[in-house]
Participant: 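Dropping a structure here in structure tokens format, bear with me for questions.
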Amino acid sequence: MSGLIWIVLKEFSKRQIEGLKHQIENLEARLKLRDDEIADYKRKLQGATPKEAGERIAELERQVLELQPKQRSLTQDQKACIGRHVAGNALPNDLLNIIYVGSSPESAIYAHDFKEALSLGGWSVEPDTVLFGSRVMNKGLTLAQASSDEHKTVSKILATALRKADVEFKEERNENLADVRLYIDMFH
């Protein structure tokens, strides 16, 4: 009888050991899967901690915002400010041109905002369109002038008005121009 009990216990122990081995194999497989997932996350985050990953995401969002187009129209306050700063200064005929991209509705709106702002100061300017032209577009707002005294005077008055109205723009010199130009390039 004791032999039979020993065989039953041996068989029972053998099955328990096999069950435990199976559980261990399952746990090892789960641990390997977890380790693989962690390694994958680390690779995707380039080893960053959650805080570093959040900072990286915030930086990427900031970069996306920088790539988005800047201001596309003038506020009423900006128009009034520009008008005030050009008022009392004579504008020689045909010395200022506003050039905008005809295929861009935002560019046309912005050009007409400048026309309105300048007319508040007594300057009469009709915006001109250009489809693509020889100019490299995608610059935003650019104030371009030659270096004659008359050009410098008009350019200085307009640049001061734009700065006072907190309008972002670039300035460039171009000796081939016969006028001062406000280029509105809105391909962003």
Side-chain angles (χ1 to χ4, degrees), residues 48 50-188:
K51 181 182 177 184
E52 292 169 332
E55 291 169 355
R56 185 163 179 237
I57 289 170
E59 172 62 19
L60 290 171
E61 288 173 345
R62 185 193 61 74
Q63 289 175 7
V64 167
L65 285 175
E66 284 180 5
L67 294 174
Q68 292 179 348
K70 301 289 187 226
Q71 174 182 341
R72 298 287 191 169
S73 62
L74 295 176
T75 65
Q76 292 303 322
D77 288 342
Q78 287 175 312
K79 290 176 189 177
C81 182
I82 292 169
R84 276 193 311 275
H85 283 88
V86 300
N89 296 292
L91 175 66
N93 285 342
D94 299 326
L95 192 61
L96 175 63
N97 280 303
I98 299 173
I99 311 293
Y100 67 96
V101 180
S103 60
S104 168
E106 291 102 347
S107 182
I109 291 168
Y110 209 30
H112 288 282
D113 282 351
F114 281 105
K115 174 187 175 184
E116 184 181 334
L118 295 169
S119 69
L120 292 173
W123 287 16
S124 178
V125 180
E126 285 299 321
D128 292 323
T129 64
V130 61
L131 286 177
F132 294 102
S134 59
R135 234 179 102 66
V136 176
M137 297 299 178
N138 205 9
K139 287 190 174 183
L141 184 65
T142 304
L143 180 59
Q145 70 167 42
S147 60
S148 76
D149 289 340
E150 198 173 40
H151 286 102
K152 285 180 184 176
T153 301
V154 170
S155 183
K156 184 177 179 183
I157 293 167
L158 188 52
T160 300
L162 295 175
R163 284 188 191 97
K164 294 285 185 180
D166 204 23
V167 175
E168 287 185 36
F169 69 100
K170 299 174 196 89
E171 291 184 85
E172 69 179 38
R173 302 273 183 253
N174 184 338
E175 296 305 320
N176 297 322
L177 294 179
D179 56 7
V180 175
R181 294 187 183 175
L182 191 58
Y183 288 110
I184 300 173
D185 305 332
M186 294 293 190
F187 285 176
H188 292 327

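For the numbers below, each heavy atom of this structure counts, side chains included, while hydrogens, waters and symmetry mates do not. All values derive from a computational prediction rather than experimental measurement. By convention here, the first residue in the shown sequence is residue 1.
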Participant: Is there a side-chain contact (heavy atoms from CB on, under 4.5 Å) between R181 and Q145? Walk through the geometry before answering.
Facilitator: CA-CA 6 Å; R181 294 187 183 175; Q145 70 167 42; over 6 Å; no
Participant: Using 0.5 Å steps for rounding, measure from the CZ atom of R163 to the SG atom of C81.
Facilitator: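 Going from the CZ atom of R163 to the SG atom of C81 covers 12.5 Å.
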Participant: So among I98, V154, N174, which one has a side-chain contact (heavy atoms from CB on, under 4.5 Å) with V180?
Facilitator: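 Among the candidates, only V154 passes.
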Participant: With a 4.5 Å limit on heavy-atom distance, are the side chains of F114 and L96 in contact?
Facilitator: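 Not in contact.
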Participant: Is the closest side-chain heavy-atom distance between L162 and L182 below 4.5 Å?
Facilitator: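 They are in contact (side-chain heavy atoms under 4.5 Å apart), so the answer is yes.
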Participant: Would you check, one step at a time, whether the test side-chain contact (heavy atoms from CB on, under 4.5 Å) holds for N89 with T153?
Facilitator: CA-CA 10 Å; N89 296 292; T153 301; over 6 Å; no
Participant: To the nearest 0.5 Å, what is the distance between CD1 (I82) and CG (D166)?
Facilitator: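 Spacing of CD1 (I82) from CG (D166) equals 10.5 Å.
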Participant: Taking only residues two or more places apart in sequence or in another chain, which ones pass salt bridge (Lys or Arg N to Asp or Glu O under 4.0 Å) with R84?
Facilitator: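 R84 satisfies salt bridge (Lys or Arg N to Asp or Glu O under 4.0 Å) with no other residue.
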Participant: Would you please test I157 and W123 for side-chain contact (heavy atoms from CB on, under 4.5 Å) and show each step?
Facilitator: CA-CA 12 Å; I157 293 167; W123 287 16; 3.8 Å; yes
Participant: With side-chain contact (heavy atoms from CB on, under 4.5 Å) as the criterion, how do V125 and N97 come out once you've worked through the C-alpha distance, each side chain's angles and the decisive distance to 0.1 Å?
Facilitator: CA-CA 7 Å; V125 180; N97 280 303; 5.6 Å; no
Participant: Within this structure, what is the OG-NZ distance for the pair S73 and K79, rounded to the nearest 0.5 Å?
Facilitator: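 If we round to the nearest 0.5 Å, S73:OG and K79:NZ are 7.5 Å apart.
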Participant: Distance from L143 atom CG to Y183 atom OH, nearest 0.5 Å?
Facilitator: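 Spacing of CG (L143) from OH (Y183) equals 10.5 Å.
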Participant: Just by modelled atom types, is the L74 backbone N or O under 3.5 Å from a matching donor or acceptor in the D113 side chain?
Facilitator: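 Judged by distance alone, yes, a pair lies under 3.5 Å.
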Participant: From T142 OG1 over to F169 CZ, what is the distance, rounded to the nearest 0.5 angstrom?
Facilitator: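 Separation between the atoms: 10.0 Å.
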Participant: Closest heavy-atom contact between G121 and V86?
Facilitator: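 It is CA-CG2, 3.7 Å.
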Participant: Once rounded to the nearest 0.5 Å, what's the spacing between atom CG of L120 and atom CD of Q76?
Facilitator: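 Spacing of CG (L120) from CD (Q76) equals 8.5 Å.
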Participant: Main chain of E116, side chain of S119: is a donor-acceptor contact present, judged purely on distance under 3.5 Å?
Facilitator: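 At least one qualifying donor-acceptor pair exists.
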